[in-house]
Amino acid sequence: MEGESNQKYSHHGGNFGSYFRQKQEKLALQDDNEYSKKSNIFANCKVYINGNTDPPAIILKKLIIENGGEICAFLGRKSSATHIMATHLTNQKIKDFANHRVVLPEWVTESVKLGVLQDWTKFRTIKIESCFNVPSDKVLVVPKQDPAALNMNIIDSPGTKGDKVRIEWILNHRLKINCLNKSFISDYFNQSRLHFMSTRKLQLRRKCRTYQPPLFPTQGSERTLIHVDYDSFFVSASLRSRPDLSDQPVCVSNGSSGSDIASANYKAREYGVSNGMWVGKAKQLCPNLICLPFDFTEYAKCSDILYDTLLALNPLRISAISLDEALVDISNMADEAETVSQEIRRSIKDQAGIDVSIGIGSNILLARLALKKAKPKGQCVLSPEQVGEFNIRDLPGVGRQVQQKLDKLGIEKVSDLKSVPLSKLNSAVGNALSRKLHEYAYGKDTDDIRTLDTPIKTVGIEIGWAIRLISNEEVAQFVFNCCEELFSRLNAVNAYCEMITVKQYRKMSDAPFVAPKHLGHGHCDIASKTKKVNNKLTFEELVEDVMFLIQQLNCPPLEFRGIGLHMQVKEVESEIESREEPARKPFQSRIKFSTTKLPPPVTPTKQVLPSILPKPPPPKKRFTVTQLFQDANDASYTSQASLNARILSELPSQTRRQILLNEDDYLPSLSAPSLPLVTTDFLGKTSLSELRKLLKKWIDSCAAPTSNDARRFFNFIRLSITEDTLWARAAKLVDWIKVLAKDKPEWLYYHSLLYEETQKQLLAKNKATKLF
DNA sequence: AGATGGCAGTAG
DNA sequence: CATCGCTACTGCCATCT
Ligand SMILES: Nc1ccn([C@H]2C[C@H](O)[C@@H](COP(=O)(O)OP(=O)(O)OP(=O)(O)O)O2)c(=O)n1
């Protein structure tokens, strides 16, 4: 795998890692037989010996191997070397070896002498004394209290003392958190609340889009909307296991001073603590503030409860605002909006144990403001005349900046908006927003709930934490890892890419090198570059384009603080709808669907006429909420016999996957179809390389796997991935398929299924290991 | 004059 | 010890074609 992927990306002209990868070690490895095992001091150590050493490499090698260690002949990008041995390093090598343990030969000789493995940090090659000519009492160890004492902010030209001090600072922090680690991105995302919320919202959006509402005669434009939201969501969820704290000021956060408060309870808010505030500041306002940790699994469960409950109502429309918040059109039960709301709140509270508030109104604005008024633990109906009393900050689209601008015009309350001429408003906050605000002042809102859940337009990733890089090579390596992440996201949605945007956080010139938040991005300039791309974007092209744009942005590695990679996309579904593409997906076309003419294109964002869809679930009767829960999991429409490609593509991916993996076998393309499935082997092959060869033959032989083959291998992977001894091999095989599947959409899709499944299983096993 | 790229701002 | 500052969207403006 290593070899192939190197070849594969070699046309990037050594942009990244080539220095390591291509380098052939001079040290000749002779036969290993002449060594006699003496101890296990260096068990699990793999040492790469760099250049001339004292004592010479041949001696060190003998010592290491005889005492249970291994020698690496190469230093690859994903090399398994645990230590690099060197007596002397050039400045370039100091950078290149930044994220390695670089040790002096004495580490080996001392360890052998004392019979115990010595702490490598006591034998660093990269030390201030030897490399930077800076007095040793000044640096290396990060001071506990005052990082600024490190004097990171020396302003000088690159390559001088200040840079070296900064590099040293970075190297030290790397030992704990290293953004170049293969698993960094997935590790980070697994801990990031904002990432969790964003991805969760995406899923919910999809869920809401595929929801099929009941038929209901629309009576004019009169609507009844409810805005449903958990009260102080994260902290309420976390407090369920700590009821003893419920009357204390409590928040959910990661660490101490510079850590974001995700959610503060109402008690804490009395002190002025708010969501998004740093813990340090909050503690000043409220010294007794208690911090609880995140529990994403629980948040996901509660989120599901909320959405399942609302969907079980059979509303006319549901729109995902966030994981804890939804906007629901219940015009079909308008008369009972209040009692329905009571029921929803009681039911969710029963299931999740968290208070829910609901705002009821005839448009989106009124529902939102009603919710604001209802909180906490309440519900409220709002009419247009009542909006005047709210603060302008409560209005959608009014954040900190707009609030400041309006403040200068003397506008504080929504009612104040009426007295300011539109032209004045216009020049302060722009054309679109001023019109909107003017409407809001009268409780009007022309936005339609149906336009909220539109098809996705961009897919992107951003990382703005722990990015500390010291060379262009490292920048390239990190960006490459980001590309992998982005590409897998593109594969996860059914879309093709039209444009790529690279966004870069660059430390402002007057900002301190050490950011106020630990490993935060600090005060940054943000620049971006965009490039149009070929529709059928391959991974290599993506990397190439992104590298090109990064190069254009031309940020010194030491100032690189964050990155965003975004793709402007078109969802593929709409393409299938508008043009009948009979065999676009062999996978899908093999499904025996009825030959009846496809209905005209229907997108969920337009008025949907359920009657033309294949047997939607029958409109359910007015509910008692508990009754409806039993129906909530009803998947009757997925079992309909008459499927066609378009409808298939609109199904929730879970369902769709089920169908794909259950459809009849087609042509067996593997020669030995009847071998039994055993977890440890697949068609008799157990070793990684044998399995890779098998996969290569298989994938090269056809454009798409047959369903039977697909299912068998899928099961093989699925079973392996939960085994402690097998999961790493399975993960590598999935990775391998991605490489082989290049330019084969069916295989790429198959890969995405495998990927999804393995990720899920790994996460479930708490082996949050990044696969790719 | 419309299209496009870069950027700010907002929400949760 | 620290800390996990994401991501999709809209709209404005300057500059282009
Ligand atoms: N800056 C923010 C804002 C919100 N959230 C998370 C935590 C919240 O619990 C959740 C929902 O956000 P809300 O704005 O709905 O706030 P709460 O639910 O915490 O409180 P409220 O009762 O005001 O809705 O999103 C976050 O992590 N960081």
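Residue numbers begin at 1 in each chain, while the letters A, B, ... track the order of the sequences. As the structure is a computational prediction, the values presented were derived from the model and not from experiment.
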A:Val493 versus A:Val459: any side-chain heavy-atom pair under 4.5 Å? yes

5'-most contact on DNA chain C: A:Arg205 or A:Ser256, nearest heavy atom basis? A:Ser256

Specify the separation, in whole Å, of atom CD of A:Gln568 and atom C1' of C:dA8. 11 Å

CG on A:Asp324 to OH on A:Tyr230, rounded to 0.5 Å: 8.5 Å

Is A:Ala432 touching bases, backbone alone, or none of the nucleic acid, heavy atoms closer than 4.0 Å? sugar-phosphate

Quick one about A:Glu462 and A:His195 (side-chain donor to acceptor, distance below 3.5 Å, no hydrogens or angles considered), yes or no? no

When the C1' atoms of C:dG5 and B:dG9 are considered, how many whole Å apart are they? 16 Å

Regarding A:Asn254, tell me which of base, sugar-phosphate or nothing describes its non-hydrogen contacts under 4.0 Å with the strands shown. base

For C:dT7 and A:His195 - does any side-chain N or O of the residue sit under 4.0 Å from the phosphate oxygens OP1/OP2? yes

Nearest to the A:Lys532 side chain among C:dA2, B:dG12, B:dT4, which nucleotide is it? B:dT4

When the distance from CZ of A:Arg400 to P of B:dA8 is rounded to whole Å, what number comes out? 15 Å

For C:dT3, the Watson-Crick or wobble partner whose two distances fall under 3.5 Å: none

Output the rounded distance in Å from NZ (A:Lys529) to C1' (B:dG5). 8 Å

Tell me whether the side-chain N/O atoms of A:Tyr188 come closer than 4.0 Å to OP1 or OP2 in C:dC6. yes

Note down the inter-axis angle between the two ends of the helix from B:dA1-C:dT17 to B:dG12-C:dC6, five pairs each, to the nearest 10°. 10°

N or O in side chain of A:Lys201 less than 4.0 angstrom from C:dC6 OP1/OP2: no

Under 4.0 angstrom, heavy atoms only, what part of the nucleic acid is A:Phe196 near: base, sugar-phosphate, or nothing? nothing

Distance under 6.0 Å and angle within 45° of ring axis: A:Arg205 vs A:Tyr211: no

For A:Gln401, report the nucleic acid contact type (base, sugar-phosphate, nothing); a contact means any heavy atom under 4.0 Å. sugar-phosphate

CZ of A:Phe294 versus C1' of B:dG12: gap in Å, rounded? 13 Å

Please work out if A:Gly522 contacts a base, only the sugar-phosphate, or nothing of the nucleic acid, heavy-atom cut-off 4.0 Å. base

Report the distance from atom CD1 of A:Ile392 to atom C1' of B:dA11, rounded to the nearest whole Å. 16 Å

Rounded off to whole Å, could you give me the CG-to-P distance for the A:Asn275 and C:dC6 pair? 17 Å

Phosphate-side-chain proximity, A:Arg193 and C:dG5, N/O vs OP1/OP2 below 4.0 Å: yes

Distance-only donor-acceptor test (3.5 Å): side chain A:Ser198, base C:dC6: yes

Would you call A:Gln504 and A:Leu553 a side-chain contact if the rule is heavy atoms closer than 4.5 Å? yes

Once you apply a heavy-atom cut-off of 4.0 Å, does A:Lys531 come out as touching a base, just sugar-phosphate, or nothing? nothing

Any side-chain N or O of A:Ser192 less than 4.0 Å from the OP1 or OP2 oxygen of C:dG5? yes

Taking only side-chain N and O atoms of A:Arg489, does any of them lie within less than 4.0 angstrom of OP1 or OP2 on C:dA8? no

Anything under 30° is parallel, anything over 60° is perpendicular, the rest tilted; go ahead and classify A:Tyr505 against A:His521. tilted

Could you check whether the rings of A:Tyr299 and A:Phe294 sit parallel, tilted or perpendicular, using 30° and 60° as the cut-offs? perpendicular

In terms of the nearest nucleotide of DNA chain C, which residue is placed more toward the 5' end: A:Asn431 or A:Trp278? A:Trp278

Output the rounded distance in Å from CD (A:Glu498) to C1' (B:dT4). 13 Å

Using a 4.0 Å heavy-atom cut-off across all strands, classify A:Asp324 as base, sugar-phosphate, or nothing. sugar-phosphate

Hey, are A:Arg368 and A:Asp445 close enough for a salt bridge, meaning a charged N less than 4.0 Å from a carboxylate O? no

Think A:Thr458 has a side-chain N or O under 4.0 angstrom from the OP1 or OP2 of C:dT7? no

Report which part of the nucleic acid A:Gly520 touches: base, sugar-phosphate, or nothing (heavy-atom distance under 4.0 Å, all strands). base

Base, sugar-phosphate alone, or nothing: which one does A:Gly464 contact when heavy atoms must sit under 4.0 Å apart? base

Would you mind telling me which of C:dC9, B:dG12, C:dT7 lies closest to the side-chain atoms of A:Glu325? B:dG12

Would you tell me if any nitrogen or oxygen in the side chain of A:Ser257 comes within less than 4.0 Å of OP1 or OP2 on C:dT3? yes

d(NE2, A:His521; P, C:dA2) in whole Å: 20 Å

So what does A:Gly258 touch, heavy atoms closer than 4.0 Å: a base, only the sugar-phosphate, or nothing? sugar-phosphate

Is the NZ or CZ atom of A:Arg193 both under 6.0 Å from the centre of the six-membered ring of A:Phe196 and within 45° of that ring's axis? no

NA contact type, A:Leu323, heavy-atom cut-off 4.0 Å: base, sugar-phosphate, or nothing? nothing

Looking only at the side chain of A:Ile456 (C-beta and beyond, no hydrogens), which of the listed nucleotides C:dT7, C:dC4, C:dA8 gets closest? C:dA8

Under 4.0 Å: is that the gap between some side-chain N or O of A:Arg435 and OP1 or OP2 of C:dT10? no

Report which part of the nucleic acid A:Met499 touches: base, sugar-phosphate, or nothing (heavy-atom distance under 4.0 Å, all strands). sugar-phosphate

For a ring-ring contact (aromatic ring centres under 6.0 Å, His included) check, start with the C-alpha distance between A:Phe189 and A:Phe184, then their side-chain angles and the critical distance, and finish with the verdict. CA-CA 8 Å; A:Phe189 281 161; A:Phe184 169 76; 8.4 Å; no

